[in-house]
Amino acid sequence: MVDFTLTDEQKDIQEMAHDFAEKEIRKVAWEYDKDGTWPQEIIEQAWEVGLMNTHIPAEYGGPGLDFLTGCLIEEEIGWGCSGIGTSLMCNGLATAPIVLGGSEETKKKYLGMLTEAPKLASFCLTEPDAGSDVSGMKTRAVKQGDKYVINGSKCFITNGSHADYYTVYAKTDPDAGHRGMSAFVVEREWDGVTVDKKEDKLGQRASNTATISFNDVEVPAENMIGEENKGFKLAMMTLDRTRPGVAAMAVGIARAAFEFATEYSKERVQFGVPIAMHQAIQFMIADMATKVEAGRLLTWKSATLLDSGERNTLVSSHAKRFAADSAMEVTTDAVQVYGGYGFIKEYPVEKLMRDAKIMQLYEGTSQIQRLVIAREVLLPRRAEAPAPAAA
Ligand code: COS
């Protein structure tokens, strides 16, 4: 049975997230964007009311929410400000490998660290020469006794300057391609970890993006997440779990732009009538509404598959691809509806257009989502395969 009815609990959480987005996030969003302000206070408030670490299971101090409920939260927070939202939600990406493949000790220590205090973690996969091509990474982890020594550099790391620990991917068998990669938890304070350049970005300026370098960093062997050389699959399974949330955030951005454009079109008068009376504008508004709705449906489907323990690789990429591209289109059209005013920072929509761009880039570009979709469609073996077990 297909049922789009939310439970009372889901509706309550959705409403709480909306209130938080409206009262705490929106009121500062445009100012934070201007100055690239780090939203520390909002992170602490969100942590306090339970809007962070939503997928950490109860035994490690989290609320253990299902993925659909997580998406409801992400849409509302994305509606408020996706830059601040990215800062709030990044722990979900960093901790997913630990939830999936970490030992009991690792889970207790590192998931517990985030639920006991408003701390942050970052996911370190991307490198200057290895973005879409994950297995092209150069970071090395060499086993020495009961430790691994990590050397390498990771770029575009969300929350990198503020994280207390990193989930870091490195080659443990460089000749084995994607079958020679492992994941580790690395604490920021350890010798050899350096937080380098903070990026000055086009959009989502309230989120922090930095380069993190690892120079002869000694990592205890027990900090490996999952099995040695199984890191690539762990990263892919992580992204299957987190892309629905990114899609939800993109839906939130698109919805915000749609709402601003709709209201403006009713107020702005040209040729003697509100521009909403002109079919040229009506068709843009209609397309925006459809894109928001369709993006949300794909997002909910991808999250629901996860919640029922099914493999969601295909639908997760459908959702991320469609919602991200739609956010870019809807925000661009919102600027168009505002006309020249849309291009001016005094009005709200140019920020949304800048913020939307990264949705087509991070956690897998729209081209990578299409590549995943094409492979899943053309190689049914993958699509029919059961959900892979945790690494
Ligand atoms: N779940 C589990 N296993 C998966 C998987 C998934 N979703 N996707 C791929 N695999 C497995 C494959 O089954 C294959 O297994 P075997 O070793 O048993 O053959 C292995 O992983 C390699 O898969 P594939 O051949 O598809 O790897 P590619 O190198 O061609 O890369 C893409 C695949 C491009 C999809 C991957 O590198 C990717 O997602 N890139 C984008 C990375 C990204 O999102 N970066 C953003 C960083 S986070 S902000």
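Throughout, residue positions are numbered sequentially from 1 according to the sequence presented. Every number for a ligand or one of its atoms is a count from 1 in the order of the listing.
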> Can you find a non-hydrogen atom of Arg243 under 4.0 Å from ligand 1?
Replying inline: yes
> Does atom CD of Glu104 have more than 12 heavy-atom neighbours, drawn from other residues, nucleotides or ligands, at distances under 6.0 Å?
Replying inline: yes
>> Checking the N or O distance criterion of under 3.5 Å, is ligand 1 in contact with Lys233?
In response: yes
>> In the structure I gave you, are the side-chain heavy atoms of Thr139 and Lys171 within less than 4.5 Å of one another anywhere?
In response: no
> Which atoms from ligand 1 have a heavy atom of Val372 less than 4.0 Å away?
Replying inline: 35 (C)
> Looking at Thr126, which atoms of ligand 1 are within less than 4.0 Å of one of its heavy atoms?
Replying inline: 47 (C)
> For Asp240 and ligand 1, does the shortest N/O to N/O distance drop below 3.5 Å?
Replying inline: yes
>> Under a 3.5 Å distance rule, please check whether Lys320 uses its side chain to pair with a backbone N or O of Gly364 as donor and acceptor.
In response: yes
> Under 6.0 Å from the CG atom of Asp191, do we count more than 12 heavy atoms belonging to anything else shown?
Replying inline: no
> With atoms numbered from 1 as shown, which atoms in ligand 1 lie under 4.0 angstrom from a non-hydrogen atom of Met237?
Replying inline: 1 (N), 2 (C)
> Which atoms of ligand 1 have any heavy atom of Val134 under 4.0 Å away?
Replying inline: 37 (O), 40 (N), 42 (C)
>> Looking at Lys301, I want to see if its NZ is surrounded by more than 12 non-hydrogen atoms of other residues, nucleotides or ligands under 6.0 Å.
In response: no
> Can you find an N/O atom of Phe232 closer than 3.5 Å to an N/O atom of ligand 1?
Replying inline: no
> Which atoms from ligand 1 have a heavy atom of Thr313 less than 4.0 Å away?
Replying inline: 7 (N)
> Heavy atoms, side chains only, cut-off 4.5 Å: are Gln270 and Arg268 in contact?
Replying inline: yes
>> Within the structure provided, determine whether Pro220 and Asp146 are in side-chain contact (heavy-atom separation under 4.5 Å).
In response: no
>> Around atom CD of Glu228, are there more than 12 heavy atoms from other residues, nucleotides or ligands closer than 6.0 Å?
In response: yes
> Heavy-atom distance to atom 30 (O) of ligand 1: which of Glu363, Arg375, Arg311 wins?
Replying inline: Arg375
> Which of the atoms in ligand 1, numbered in the order shown and given with their element, are less than 4.0 Å from a heavy-atom of Leu239?
Replying inline: 43 (C), 44 (O)
